[in-house]
Amino acid sequence: MGIHRLNHAVLYVSDVERSVAFYRDVLGFRAIPMTPDGFRGAAFLQAPGSTNDHDLGLFEIGRAAGRSTAGRATVGLYHLAWEVDTLDELAVTAQRLAAAGALAGSSDHGTTKSLYGKDPDGLEFEIVWLVPADLLDDAALTARKRIGRLDLDRERQRYGGQTRGGVGISVPA
């Protein structure tokens, strides 16, 4: 079985309208009109620039639902990672997440530069920029074995804010 990419994820949320507003207003997703007639409490969203039918399905289970304990008290999914094209886009996303009170952290993994966010239900996700294959060097490859502090300004100076990430890695060269 050859897997090419993640097509979509489905999340259980406490309030579908609140979650749609978050993913739309903070991350730029758009609603896709594909909820079956008569079905309430569901939404399907597509990420900006995506060619997927939808990238995210949201199913409401009600405001009384408890927070996920995955990774603390139960097994479960930790997070999904969405890739952006440029470091400038990653920097804008960091500002938007911070303004929404949803930026949970950031890290430099050498070959990847990552932001971590939490949606209104506390479900974590990652936004990542990948160093293109032709810019990988020994320092970046060695740094994959540690988690460093992300300095977006320094990374934009090093790689260029408009350099397309992932080329030759996740995006064909």
Side-chain angles (χ1 to χ4, degrees), residues 1-11 19-20 22-32 34 44-58 68 70-71 75-119 122-173:
M1 174 176 84
I3 296 175
H4 300 279
R5 65 180 179 193
L6 178 67
N7 183 270
H8 69 272
V10 177
L11 304 176
S19 293
V20 166
F22 173 82
Y23 286 102
R24 180 192 63 224
D25 299 345
V26 177
L27 297 178
F29 282 66
R30 66 184 183 97
I32 301 298
M34 58 183 273
F44 299 90
L45 307 173
Q46 186 181 54
S50 174
T51 59
N52 288 336
D53 177 61
H54 66 284
D55 295 287
L56 197 55
L58 303 172
S68 172
V75 297
L77 182 66
Y78 172 33
H79 69 256
L80 301 169
W82 290 302
E83 186 177 342
V84 295
D85 281 337
T86 68
L87 284 167
D88 285 349
E89 191 175 352
L90 191 67
V92 168
T93 303
Q95 293 170 351
R96 294 180 80 174
L97 288 170
L103 183 61
S106 63
S107 61
D108 181 343
H109 299 279
T111 58
T112 62
K113 314 304 173 185
S114 299
L115 303 174
Y116 299 92
K118 289 189 178 183
D119 79 359
L123 298 172
E124 194 164 331
F125 55 87
E126 179 179 358
I127 309 291
V128 63
W129 181 83
L130 282 70
V131 176
D134 66 340
L135 296 178
L136 288 174
D137 57 19
D138 289 340
L141 292 169
T142 299
R144 287 189 300 189
K145 298 177 184 174
R146 64 161 178 76
I147 300 172
R149 185 182 71 77
L150 179 62
D151 182 337
L152 271 170
D153 291 333
R154 185 186 72 217
E155 298 304 324
R156 288 195 286 186
Q157 288 175 356
R158 179 177 180 187
Y159 295 109
Q162 286 297 305
T163 299
R164 187 159 187 227
V167 175
I169 308 288
S170 60
V171 177

- Asp138, CG atom: more than 12 neighbouring heavy atoms under 6.0 Å: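 No, because the 6.0 Å sphere around CG of Asp138 holds 12 heavy atoms or fewer from other groups.
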- Message: Please check if the number of heavy atoms outside Ile147 that lie under 6.0 Å from its CD1 is greater than 12.
- Response: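 No, CD1 of Ile147 has 12 or fewer neighbouring heavy atoms, counting only those of other groups under 6.0 Å.
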- Under a 4.5 Å cut-off applied to non-hydrogen side-chain atoms, are Thr111 and Leu136 in contact?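 Yes; the side chains approach each other to less than 4.5 Å.
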- Query: Any idea which heavy atoms bring Gly110 and Ala143 closest together, and the distance?
  - Reply: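 Scanning both residues completely, I find the closest heavy atoms to be CA-CB, 3.5 Å.
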- Would you please test Ile127 and Leu90 for side-chain contact (heavy atoms from CB on, under 4.5 Å) and show each step? CA-CA 7 Å; Ile127 309 291; Leu90 191 67; 3.7 Å; yes
- Determine, stepwise, if the pair Asp53 / Met34 fulfils side-chain contact (heavy atoms from CB on, under 4.5 Å). CA-CA 10 Å; Asp53 177 61; Met34 58 183 273; 3.5 Å; yes
- Message: Apply side-chain contact (heavy atoms from CB on, under 4.5 Å) to residues Thr163 and Leu87 and explain how you reach the verdict.
- Response: CA-CA 7 Å; Thr163 299; Leu87 284 167; over 6 Å; no
- Start with the C-alpha gap between Leu130 and Glu83, add the side-chain angles, then the distance that decides, and say whether side-chain contact (heavy atoms from CB on, under 4.5 Å) holds. CA-CA 8 Å; Leu130 282 70; Glu83 186 177 342; 3.7 Å; yes
Look at the side chain of [X] and the backbone N and O of [Y], then say whether any donor-acceptor pair between them is shorter than 3.5 Å.
X      : Y      : result
Ser50  : Gln46  : no
Arg96  : Val26  : yes
Trp129 : Ser114 : no

- Item | Separation of Asp119 CG from Glu124 CD (nearest 0.5 Å) |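 CG of Asp119 is found 10.0 Å from CD of Glu124.
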- Starting at CG of Asp55, measure out to CG of Leu45 and round the result to the nearest 0.5 Å.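 Result: 8.5 Å between the selected atoms.
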- Query: Checking ring pair (Phe, Tyr, Trp, His ring centres under 6.0 Å) against Phe29, which of Phe125, Tyr23, Phe44 comes through?
  - Reply: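 Of all the options given, the one that passes is Tyr23.
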